[in-house]
Amino acid sequence: MAALMNQPLGPQNPGASGVPGPQLGPGGNQQQQQDFDPVQRYRMLIPQLKESLQNLMKIAAMNLTQNTNIDNGQKISDGGVQRFDKSLEEFYALCDQLELCLRLAYECLSQSYDSAKHSPTLVPTATKPDAVQTESLPYSQYLSMIKSQISCAKDIHNALLECSKKIMGKTPTTQGVL
(Lines give C-alpha, C1' and ligand atoms only; values in the text may rest on other atoms or scores of the structure.)
Protein backbone atom coordinates (compact mmCIF):
# COMPACT_ATOMS: atom_id res chain seq x y z
CA MET A 1 0.00 0.00 0.00
CA ALA A 2 2.83 2.41 0.84
CA ALA A 3 4.44 1.68 -2.53
CA LEU A 4 1.24 2.73 -4.30
CA MET A 5 1.11 6.05 -2.44
CA ASN A 6 4.68 6.95 -3.46
CA GLN A 7 4.08 6.48 -7.19
CA PRO A 8 3.41 9.58 -9.33
CA LEU A 9 -0.19 10.17 -10.28
CA GLY A 10 0.24 10.99 -13.95
CA PRO A 11 2.58 10.27 -16.85
CA GLN A 12 5.93 11.96 -16.37
CA ASN A 13 8.27 13.46 -18.94
CA PRO A 14 11.83 14.42 -18.11
CA GLY A 15 12.26 18.16 -18.25
CA ALA A 16 15.24 20.12 -19.53
CA SER A 17 17.04 19.54 -16.24
CA GLY A 18 16.44 15.79 -16.37
CA VAL A 19 13.97 15.94 -13.50
CA PRO A 20 10.57 14.38 -14.27
CA GLY A 21 7.81 16.93 -14.70
CA PRO A 22 4.12 16.92 -15.51
CA GLN A 23 3.07 16.00 -19.00
CA LEU A 24 1.83 18.94 -21.03
CA GLY A 25 -0.83 18.22 -23.57
CA PRO A 26 -4.54 17.83 -24.12
CA GLY A 27 -4.93 15.13 -21.47
CA GLY A 28 -2.35 16.46 -19.03
CA ASN A 29 -3.27 17.30 -15.46
CA GLN A 30 -1.56 20.71 -15.63
CA GLN A 31 -3.65 21.73 -18.65
CA GLN A 32 -6.83 20.81 -16.79
CA GLN A 33 -5.69 22.80 -13.76
CA GLN A 34 -5.07 25.87 -15.96
CA ASP A 35 -8.57 25.60 -17.38
CA PHE A 36 -10.13 25.77 -13.91
CA ASP A 37 -7.79 28.30 -12.27
CA PRO A 38 -9.21 31.79 -12.92
CA VAL A 39 -5.95 33.55 -12.03
CA GLN A 40 -3.95 31.40 -14.44
CA ARG A 41 -6.55 31.97 -17.17
CA TYR A 42 -6.37 35.72 -16.49
CA ARG A 43 -2.60 35.63 -16.90
CA MET A 44 -2.97 33.78 -20.19
CA LEU A 45 -5.52 36.29 -21.51
CA ILE A 46 -3.51 39.45 -20.74
CA PRO A 47 -1.07 39.03 -23.68
CA GLN A 48 -4.04 38.37 -25.99
CA LEU A 49 -5.71 41.54 -24.72
CA LYS A 50 -2.54 43.56 -25.36
CA GLU A 51 -2.30 42.18 -28.89
CA SER A 52 -5.97 42.87 -29.52
CA LEU A 53 -5.59 46.45 -28.29
CA GLN A 54 -2.57 46.99 -30.53
CA ASN A 55 -4.50 45.62 -33.49
CA LEU A 56 -7.49 47.81 -32.62
CA MET A 57 -5.34 50.96 -32.46
CA LYS A 58 -3.59 50.06 -35.73
CA ILE A 59 -6.91 49.61 -37.52
CA ALA A 60 -8.28 52.83 -36.01
CA ALA A 61 -5.21 54.71 -37.21
CA MET A 62 -5.56 53.23 -40.71
CA ASN A 63 -9.25 54.15 -40.84
CA LEU A 64 -8.52 57.66 -39.61
CA THR A 65 -5.81 58.08 -42.23
CA GLN A 66 -8.13 56.83 -44.94
CA ASN A 67 -10.93 59.16 -43.84
CA THR A 68 -8.50 62.09 -43.78
CA ASN A 69 -7.36 61.25 -47.31
CA ILE A 70 -10.97 61.06 -48.49
CA ASP A 71 -11.72 64.44 -46.90
CA ASN A 72 -8.67 65.95 -48.64
CA GLY A 73 -9.79 64.56 -51.98
CA GLN A 74 -6.88 62.16 -52.41
CA LYS A 75 -7.33 58.88 -54.22
CA ILE A 76 -7.20 55.82 -51.97
CA SER A 77 -7.12 52.06 -52.36
CA ASP A 78 -10.17 50.25 -50.95
CA GLY A 79 -8.50 46.91 -50.17
CA GLY A 80 -6.20 47.94 -47.33
CA VAL A 81 -8.67 48.90 -44.58
CA GLN A 82 -9.94 46.36 -42.08
CA ARG A 83 -13.19 46.64 -40.18
CA PHE A 84 -12.89 48.56 -36.93
CA ASP A 85 -16.10 47.14 -35.44
CA LYS A 86 -14.82 43.54 -35.67
CA SER A 87 -11.60 44.45 -33.89
CA LEU A 88 -13.50 46.38 -31.23
CA GLU A 89 -15.82 43.41 -30.74
CA GLU A 90 -12.83 41.07 -30.29
CA PHE A 91 -11.30 43.47 -27.75
CA TYR A 92 -14.54 43.69 -25.75
CA ALA A 93 -14.94 39.90 -25.81
CA LEU A 94 -11.49 39.52 -24.24
CA CYS A 95 -12.36 42.20 -21.67
CA ASP A 96 -15.52 40.27 -20.79
CA GLN A 97 -13.53 37.05 -20.35
CA LEU A 98 -11.07 38.86 -18.08
CA GLU A 99 -13.92 40.28 -16.03
CA LEU A 100 -15.40 36.80 -15.59
CA CYS A 101 -12.02 35.43 -14.50
CA LEU A 102 -11.67 38.19 -11.91
CA ARG A 103 -15.20 37.66 -10.61
CA LEU A 104 -14.61 33.92 -10.33
CA ALA A 105 -11.31 34.48 -8.52
CA TYR A 106 -13.07 36.87 -6.13
CA GLU A 107 -15.81 34.30 -5.44
CA CYS A 108 -13.20 31.62 -4.76
CA LEU A 109 -11.40 33.93 -2.36
CA SER A 110 -14.67 34.84 -0.61
CA GLN A 111 -15.55 31.17 -0.20
CA SER A 112 -12.09 30.48 1.16
CA TYR A 113 -12.47 33.27 3.73
CA ASP A 114 -15.94 32.07 4.69
CA SER A 115 -14.65 28.52 5.03
CA ALA A 116 -11.82 29.67 7.28
CA LYS A 117 -14.26 31.76 9.32
CA HIS A 118 -16.78 28.98 9.90
CA SER A 119 -14.29 26.16 10.28
CA PRO A 120 -11.10 27.89 11.44
CA THR A 121 -9.31 24.81 12.71
CA LEU A 122 -7.68 22.25 10.50
CA VAL A 123 -8.13 18.51 10.53
CA PRO A 124 -4.95 16.46 10.07
CA THR A 125 -5.09 14.30 6.97
CA ALA A 126 -4.03 10.70 6.76
CA THR A 127 -1.63 11.46 3.90
CA LYS A 128 0.33 14.03 5.92
CA PRO A 129 0.27 12.98 9.58
CA ASP A 130 3.56 14.79 10.22
CA ALA A 131 1.91 18.11 9.31
CA VAL A 132 -0.34 18.06 12.40
CA GLN A 133 -0.54 21.55 13.79
CA THR A 134 -1.27 22.55 17.35
CA GLU A 135 -4.55 24.28 16.47
CA SER A 136 -5.94 21.37 14.45
CA LEU A 137 -8.98 19.43 15.65
CA PRO A 138 -9.08 15.69 16.18
CA TYR A 139 -11.35 13.96 13.69
CA SER A 140 -14.01 13.12 16.30
CA GLN A 141 -14.35 16.80 17.29
CA TYR A 142 -14.46 17.77 13.63
CA LEU A 143 -17.32 15.30 13.05
CA SER A 144 -19.30 16.70 15.98
CA MET A 145 -18.79 20.24 14.65
CA ILE A 146 -20.03 19.20 11.20
CA LYS A 147 -23.04 17.41 12.71
CA SER A 148 -23.97 20.55 14.65
CA GLN A 149 -23.67 22.64 11.46
CA ILE A 150 -25.92 20.17 9.60
CA SER A 151 -28.43 20.26 12.46
CA CYS A 152 -28.45 24.06 12.39
CA ALA A 153 -28.99 24.06 8.61
CA LYS A 154 -31.90 21.62 9.00
CA ASP A 155 -33.46 23.84 11.69
CA ILE A 156 -33.21 26.87 9.40
CA HIS A 157 -34.69 24.86 6.51
CA ASN A 158 -37.62 23.68 8.66
CA ALA A 159 -38.25 27.22 9.95
CA LEU A 160 -38.35 28.55 6.39
CA LEU A 161 -40.73 25.77 5.30
CA GLU A 162 -43.04 26.49 8.25
CA CYS A 163 -42.99 30.21 7.49
CA SER A 164 -43.79 29.62 3.82
CA LYS A 165 -46.72 27.35 4.78
CA LYS A 166 -48.09 30.07 7.09
CA ILE A 167 -47.78 32.67 4.35
CA MET A 168 -49.48 30.41 1.80
CA GLY A 169 -52.30 29.65 4.24
CA LYS A 170 -53.05 33.32 4.98
CA THR A 171 -53.14 34.64 1.42
CA PRO A 172 -56.64 34.53 -0.14
CA THR A 173 -57.02 32.84 -3.48
CA THR A 174 -57.71 35.28 -6.30
CA GLN A 175 -58.96 32.84 -8.92
CA GLY A 176 -61.90 34.12 -10.90
CA VAL A 177 -61.34 37.76 -9.89
CA LEU A 178 -60.17 40.10 -12.62
Q: Report the C-alpha separation of Q66 and N69 in whole Å, then their side-chain angles, then the decisive distance to 0.1 Å, and conclude whether the side chain to side chain contact (heavy atoms under 4.5 Å, CB included) test is met.
A: CA-CA 5 Å; Q66 182 182 13; N69 289 339; 5.6 Å; no

Q: Starting from the C-alpha separation in whole Å, work towards a yes-or-no answer on side chain to side chain contact (heavy atoms under 4.5 Å, CB included) for D96 and L100.
A: CA-CA 6 Å; D96 290 343; L100 289 174; 5.6 Å; no

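For S52 against S87, the heavy-atom pair with the smallest separation is OG-O, 4.3 Å.
To the nearest 0.5 Å, atoms CG (N55) and CG (L88) are separated by 11.5 Å. Interatomic distance, L109 CG to D114 CG, rounded to the nearest 0.5 Å: 9.5 Å. Atom CE in M168 sits 12.0 Å away from atom SG in C163 (nearest 0.5 Å). Here the NZ atom belonging to K58 is positioned 11.5 Å from the CG atom belonging to L56, to the nearest 0.5 angstrom.
Under the 4.5 Å side-chain contact rule for hydrophobic residues, Y92 and L49 share a cluster. Side-chain heavy atoms closer than 4.5 Å link hydrophobic residues (I, L, V, M, F, W, Y) into clusters, and following such links, even through other members, never connects V39 to L104. No single ILVMFWY cluster, assembled from side-chain heavy atoms under 4.5 Å apart, contains both L64 and F91.
Between the side chain of S112 and the backbone N or O of C108 there is no donor-acceptor pair closer than 3.5 Å. Judged by distance alone, with hydrogens and angles left aside, the side-chain atoms of S151 form no donor-acceptor pair with the main-chain N or O of K147 at under 3.5 Å.
Other residues, nucleotides and ligands contribute only 12 or fewer heavy atoms inside 6.0 Å of the CD atom of E51. Counting heavy-atom neighbours within 6.0 Å of E89 CD, excluding the residue itself, gives a total of 12 or less.
Residue pairs meeting the side chain to side chain donor-acceptor pair (under 3.5 Å) criterion with at least one member in residues 97-107, sequence neighbours excluded: R41-Q97, E99-R103.
Side-chain contacts under 4.5 Å among hydrophobic residues (ILVMFWY), followed directly or transitively, place L161 with no other residue at all. Clustering of Ile, Leu, Val, Met, Phe, Trp and Tyr side chains at separations under 4.5 Å places I156 together with L160.
Ionic pairing of K166 and E162 is present here: one or more N-O contacts between side-chain nitrogen and carboxylate oxygen are shorter than 4.0 angstrom.
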